[in-house]
Visitor: 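This is the structure I have questions about; it appears just below.
Reminder, nothing fancy here: chain letters follow the sequence lines and each chain counts from 1.
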2 protein chains.
Amino acid sequence: MEKDISTEEKIKKAARKVFQEKGYGQARTRDIADEAGINLALLNYYFRSKEKLFDIIMEESMQQMFGLIVGVVNDESIELSRKIDLIVNRYVDSLLENPNLPLFVLSEIQANPKKLMERVGISENLIKNNYFYKQMSDQMNKKDLKGIDPLQIFINIVSMTVFPIVGKPLLISIHSPMTEDDYANFINDRRKLVPQWIRMMLKIDK
Amino acid sequence: MEKDISTEEKIKKAARKVFQEKGYGQARTRDIADEAGINLALLNYYFRSKEKLFDIIMEESMQQMFGLIVGVVNDESIELSRKIDLIVNRYVDSLLENPNLPLFVLSEIQANPKKLMERVGISENLIKNNYFYKQMSDQMNKKDLKGIDPLQIFINIVSMTVFPIVGKPLLISIHSPMTEDDYANFINDRRKLVPQWIRMMLKIDK
DNA sequence: GTCTATAGACTGATAGAC
DNA sequence: GTCTATCAGTCTATAGAC
């Protein structure tokens, strides 16, 4: 099934896993080499150093985190209410596949702000100058919600979608008799609930 | 002002800072010793090892994260609507003082689940068997919201409060011309907004 | 391209003087 | 209790054979 991938891709795949699980500091190049089924020296042959390899993985991870919504957000053909559904569901899908991603990105930015902050600038003005932002503004002007920054609503979408997945271990251990199935149901319920709540905040009739 | 604190407390204070900033893996015992203004050997004299010191800091950090609400949540004298205000505002206060706390706890649990999961068990059943949960259930039964698990609402409170603070670097760099003052205003606006939204979800008239 | 062997640097921890 | 000096182990990175 994964027989023909190049060694370079094998290493990147292993690096993605180990870095996202343990973070840069606790990740060992030996772990990555073992996970990839290759020798440690080969890792330095393809990528000059642990740091260079990490930079590549982090670049990818950040693009994955933001790129996901950029497409939907600026699509002018999608009506506001449906767009909310799409954003939430796409994020949930992506996060369930890759649940370690957001915590990895956030905590590495925190551990090394100077180095990583500038890269986020790639998606600069992602929010202020997009069509979704405009759609929300229009709706909020109509419905007498002019005092509220549309960014507040956008952050609510991201918060209510990302946090329950980032905080999975907490959720499970606090709410004691919660099985994996319970958790899956809990998250899946939010696919419908979060868009409903967002529509309430925006006073979308539907 | 902080002249008379014991050496042990000085080390703990420094450890709290360094661990929460860099995480266990990237934190160096030398960094902690320097930050505390003492020698490296002294750190091992007071605490047997880096790991023991970390365990103490993590124990404290977790208690700080949960302990904060436990008191309010089980107070039967506080009415539901006001309790929501209290929880949000206490959390915002605490997180602004200690913004690295949640990301630290969450990412260390992820990096080392086996070791840290059991400790959360201290606050087991924090949610299911508390009075706040009962208050929400009652309200939701009255208002024809029986299909929704009150835990969903509780998670919304935590998500909408914690995430914007955890994601500060992202928020600032994505929404490009955002100063520190802008950010402070943004968070302070949420002190009123989040409770309003939660009341909407619970159909609390007020 | 891929391996083994090892260098070189860093880190946590301790011994021992004061 | 606090320090200096140092050890032992671990980790990244490279040299060199195939």
Visitor: Between D:dT14 atom P and A:Lys52 atom NZ, what is the distance in whole Å?
Guide: 12 Å

Visitor: Out of D:dT4, D:dT14, C:dT11, which has the shortest distance to the side chain of B:Ala41?
Guide: D:dT4

Visitor: Whole Å only: how far is the CZ atom of A:Arg28 from the P atom of D:dC11?
Guide: 5 Å

Visitor: Stepwise, does the side-chain contact (heavy atoms from CB on, under 4.5 Å) test hold for A:Ile78 with A:Asp75?
Guide: CA-CA 6 Å; A:Ile78 306 173; A:Asp75 189 329; 3.6 Å; yes

Visitor: Looking only at side-chain N and O atoms, does A:Tyr133 offer a donor or acceptor that is under 3.5 Å from a partner on A:Asp149?
Guide: yes

Visitor: Write down the distance between CZ (A:Phe47) and C1' (D:dT14), rounded to a whole number of angstrom.
Guide: 18 Å

Visitor: Output the rounded distance in Å from NZ (A:Lys50) to P (C:dG8).
Guide: 21 Å

Visitor: Round to the nearest Å and state the distance from B:Tyr45 atom OH to D:dA5 atom P.
Guide: 21 Å

Visitor: To the nearest angstrom, how far is A:Gln26 atom CD from D:dC11 atom C1'?
Guide: 14 Å

Visitor: Below 4.0 angstrom from OP1 or OP2 of D:dT2, is there any side-chain N or O of B:Thr7?
Guide: yes

Visitor: Quick one: the side chain of B:Arg30 and the base of C:dG12, do they pair up donor-acceptor inside 3.5 Å?
Guide: yes

Visitor: Report yes if a side-chain nitrogen or oxygen of B:Asn39 is closer than 4.0 Å to either non-bridging phosphate oxygen (OP1 or OP2) of D:dT4; otherwise report no.
Guide: yes

Visitor: Is atom NZ of A:Lys115 surrounded by more than 12 heavy atoms (other residues, nucleotides or ligands) closer than 6.0 Å?
Guide: yes

Visitor: Without decimals, in angstroms, what is the distance between B:Leu43 CG and C:dA15 C1'?
Guide: 17 Å

Visitor: Which residues pass the side-chain contact (heavy atoms from CB on, under 4.5 Å) test with B:Asp138, not counting sequence neighbours?
Guide: B:Lys134

Visitor: Take atom CD1 of A:Ile32 and atom P of D:dA13, then tell me their distance rounded to the nearest Å.
Guide: 10 Å

Visitor: Base, sugar-phosphate, or nothing for A:Ala33, non-hydrogen atoms under 4.0 angstrom?
Guide: nothing

Visitor: Side chain of A:Ser49: nearest nucleotide among D:dA13, D:dC3, C:dG12?
Guide: D:dA13

Visitor: Assess the side chains of A:Asp181 and A:Thr179: does a donor N or O sit below 3.5 Å from an acceptor N or O?
Guide: no

Visitor: Does B:Leu40 reach a base, just sugar-phosphate, or nothing at all? Heavy atoms under 4.0 Å.
Guide: base

Visitor: B:Thr29 side chain N/O closer than 4.0 Å to the phosphate oxygens (OP1, OP2) of C:dG12?
Guide: yes

Visitor: OP1 or OP2 of C:dT2 versus the side-chain N and O atoms of A:Tyr46: is any pair under 4.0 Å?
Guide: yes

